[in-house]
There are 2 protein chains.
Amino acid sequence: MPAHYPLSATEEAVSRRLGSIPVNREALVAVSNLHRAASAVRQHLENSALRAADLTWSAFVVLWVVWIWEEIETRHTAAEAGISKGTLTGIIKTLESRGLIERRQHPDDRRLALLRLTPEGLALMEDLFPAFNAEEAFVVDSLGGEEVLHLADTLRRIITHLEEKGEVRRESLRRDTPVPPRRGGRRRAT
Amino acid sequence: MPAHYPLSATEEAVSRRLGSIPVNREALVAVSNLHRAASAVRQHLENSALRAADLTWSAFVVLWVVWIWEEIETRHTAAEAGISKGTLTGIIKTLESRGLIERRQHPDDRRLALLRLTPEGLALMEDLFPAFNAEEAFVVDSLGGEEVLHLADTLRRIITHLEEKGEVRRESLRRDTPVPPRRGGRRRAT
DNA sequence: GGAAAATCTTTTGCCCCCGAACGACCTGCA
DNA sequence: TGCAGGTCGTTCGGGGGCAAAAGATTTTCC
């Protein structure tokens with residue numbers, strides 16, 4: 001999905017509009033490209049390797065995590081997959097109904113739930129993963145080997161930085177200007 | 001949202017599971033980090049700068065595009081924002097109801113719709129953008145100036161590569177194994 | 001031993017996201 | 001001039017996404 005306007009025209013429009021406003025342009029472009037790239041990559045993987053199995057990106061990521069760990073608690077699955085627990089509940093429901101994943105209660109702590117792949121799920125992943133990985137390789141095809149490593153490392157530093165300093169930063173911003181909580185969330189029972 | 005298991009443990013689990021399967025590990029890590037980074041960045045921006053205005057990421061991106069171009073057709077807005085036209089319809093509805101955006105018919109072609117910011121929308125963006133950009137800067141804080149430029153360039157190459165070669169690639173995969181279309185989409189009327 | 005606090009999963013409400021179908025509109029060609 | 005074929009925005013169905021509330025269970029502390 002190419003953007004409609006050439007990059008040069010966009011640059012020009014941005015300059016016209018932001019003329020008097022000081023901007024960190026490098027950060028702007030980096031963040032913008034980060035999201036464009038992530039969504040283009042996701043789109044490609046969903047429309048190539050994942051299409052044959054009729055899986056969404058998120059469903060695949062969950063299957064991958066459970067596959068790798070053989071048996072894993074749902075809370076850890078959510079953390080590893082990078083989604084909230086509430087979201088995970090829905091995905092599990094779908095994967096369970098398709099017979100790819102199984103849930104059982106933790107023997108010692110009944111609050112916990114454990115996940116593992118069914119034999120069908122296992123067979124699917126063994127078949128699907130190589131195709132998926134081949135598309136991941138295609139995605140970074142235009143980069144040199146060195147550059148792929150460097151990219152991964154740069155991104156990892158961004159992730160770590162936000163994990164370590166993000167909360168403090170947001171906290172201090174909130175001290176300056178108290179802000180309303182994000183909308184949404186369950187309504188209190190009447 | 002740090003992952004639960006240390007990276008080293010994950011690496012080990014992956015090795016155990018994929019022992020016999022050949023893997024392009026560099027591509028795997030790069031793609032994985034790309035998505036983790038994009039979602040961490042988005043999360044940070046939504047919970048810092050965008051929180052005060054009660055805007056989601058997508059709503060902000062749409063406002064940004066319309067702001068930059070002053071007046072723009074909806075189809076171009078969707079392309080620039082990187083979302084489908086169906087998604088855009090919903091976001092516009094929200095922004096219109098909040099009085100931030102206006103829609104009018106194209107004078108020469110009644111199929112087209114034109115978007116522009118209301119005075120309130122304009123005031124909001126002039127106020128919000130500097131704060132947003134400051135958080136973009138924070139996000140890449142841990143990188144050197146050179147590295148930010150290099151990151152943007154690397155990501156741009158991935159985007160371009162997928163725009164130019166992605167369709168052909170998916171096409172040729174489909175020739176090998178015909179696949180069902182993605183689920184979802186409106187049902188044909190009875 | 002029992003109530004309060006902590007911890008987990010699920011539910012709920014609001015939003016985003018895509019793609020196919022649809023109706024309104026425009027255009028080219030017979 | 002009239003209609004076939006294309007384009008546009010919207011609608012609709014199926015899913016994902018979060019935060020807060022709720023319900024179930026375990027732990028802590030008197």
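If you're wondering where the values come from, they're calculated on a predicted model, not measured in any experiment. Letters go in sequence order (proteins before strands), and every chain restarts at 1.
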How close or far is atom [atom2] of [N] from atom [atom1] of [X], stated in whole angstroms?
X: B/His76; N: D/dC8; atom1: NE2; atom2: C1'; answer: 11 Å
X: B/Ile101; N: D/dG9; atom1: CD1; atom2: C1'; answer: 15 Å
X: B/Gln43; N: D/dG16; atom1: CD; atom2: P; answer: 18 Å
X: B/Trp57; N: D/dC18; atom1: CH2; atom2: P; answer: 15 Å
X: A/Lys85; N: D/dG17; atom1: NZ; atom2: C1'; answer: 15 Å
X: A/Leu45; N: C/dC17; atom1: CG; atom2: P; answer: 18 Å
X: B/Glu96; N: D/dG9; atom1: CD; atom2: C1'; answer: 13 Å
X: A/Leu112; N: C/dT7; atom1: CG; atom2: C1'; answer: 9 Å

### Task
Please figure out whether A/Leu88 or B/Thr74 has its closest DNA chain D nucleotide nearer the 5' end.
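Taking each residue's closest nucleotide, the earlier one in sequence belongs to B/Thr74.
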### Task
For the pair A/Phe132 and A/Trp57, name the ring-plane relationship: parallel under 30°, tilted 30 to 60°, perpendicular over 60°.
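Rings of A/Phe132 and A/Trp57: tilted, 30 to 60°.
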Just the table, please: protein N/O against nucleotides 14-16 of chain C N/O, every pair under 3.5 Å.
from, atom 1, to, atom 2, distance (Å)
C/dC16, OP1, B/Thr56, OG1, 3.1
C/dC16, O3', B/Ser58, OG, 3.0

### Message
Any heavy-atom pair between the side chains of B/Phe60 and B/Met125 that's under 4.5 Å?
### Response
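Heavy-atom side-chain distance check passes, below 4.5 Å.
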### Close side-chain approach of B/Leu95 and B/Val66, heavy atoms under 4.5 Å
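No, too far: nothing below the 4.5 Å cut-off.
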Tabulate below the donor-acceptor pairs under 3.5 Å that side-chain atoms of residues 133-140 of chain A make, not counting sequence neighbours, or state none.
from, atom 1, to, atom 2, distance (Å)
A/Asn133, OD1, B/Asn24, N, 2.7
A/Asn133, ND2, A/Glu136, OE1, 3.0
A/Asn133, ND2, B/Asn24, O, 3.3
A/Glu135, OE1, A/His44, NE2, 2.7
A/Glu135, OE1, B/Arg169, NE, 3.1
A/Glu135, OE2, B/Arg169, NE, 3.2
A/Glu135, OE2, B/Arg169, NH2, 2.7

### Message
Under the rule for salt bridge (charged side-chain N to carboxylate O under 4.0 Å, His left out), what residues qualify as partners of B/Arg186, not counting sequence neighbours?
### Response
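Per chain and number, B/Arg186 pairs via salt bridge (charged side-chain N to carboxylate O under 4.0 Å, His left out) with no residue.
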### Pairwise 5' ranking along DNA chain C for A/Asn47 and A/Arg103, keeping only the more 5' one
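It is A/Arg103 whose nearest nucleotide is closer to the 5' end.
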Would you mind writing out the side-chain donor-acceptor pairs for residues 112-121 of chain A within the sub-3.5 Å range, not counting sequence neighbours?
from, atom 1, to, atom 2, distance (Å)
A/Arg116, NE, A/Glu71, OE2, 3.3
A/Thr118, OG1, A/Gly99, O, 2.6
A/Thr118, OG1, A/Leu100, O, 3.4
A/Thr118, OG1, A/Glu120, N, 3.4
A/Thr118, OG1, A/Glu120, OE1, 3.2
A/Thr118, OG1, A/Gly121, N, 3.0

### Task
Determine, for B/Glu147 against A/Arg157, whether the closest basic-nitrogen to carboxylate-oxygen distance falls under 4.0 angstrom.
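Salt bridge between B/Glu147 and A/Arg157, a charged N being under 4.0 Å from a carboxylate O: yes.
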### Query
Between A/Ile91 and A/Val61, does a side chain to side chain contact (heavy atoms under 4.5 Å, CB included) hold up when you go through it step by step?
CA-CA 10 Å; A/Ile91 295 176; A/Val61 171; over 6 Å; no
Got a list of protein N/O to nucleotides 24-28 of chain C N/O distances below 3.5 Å?
from, atom 1, to, atom 2, distance (Å)
C/dC26, OP1, B/Arg110, N, 3.1

### Task
Could you tell me whether the phosphate oxygens of D/dA21, OP1 or OP2, come under 4.0 Å of any side-chain nitrogen or oxygen in A/Arg188?
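It does, given that an N or O in the side chain of A/Arg188 lies less than 4.0 Å from OP1 or OP2 of D/dA21.
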### Query
Which part of the nucleic acid, if any, lies within reach of A/Ser84 when heavy atoms closer than 4.0 Å are counted: base, sugar-phosphate only, or nothing?
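Result for A/Ser84 = base.
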#### Entry: Any pair counted as salt bridge (charged side-chain N to carboxylate O under 4.0 Å, His left out), so long as it reaches residues 49-62 of chain A, sequence neighbours left out
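Found A/Asp54-B/Arg183.
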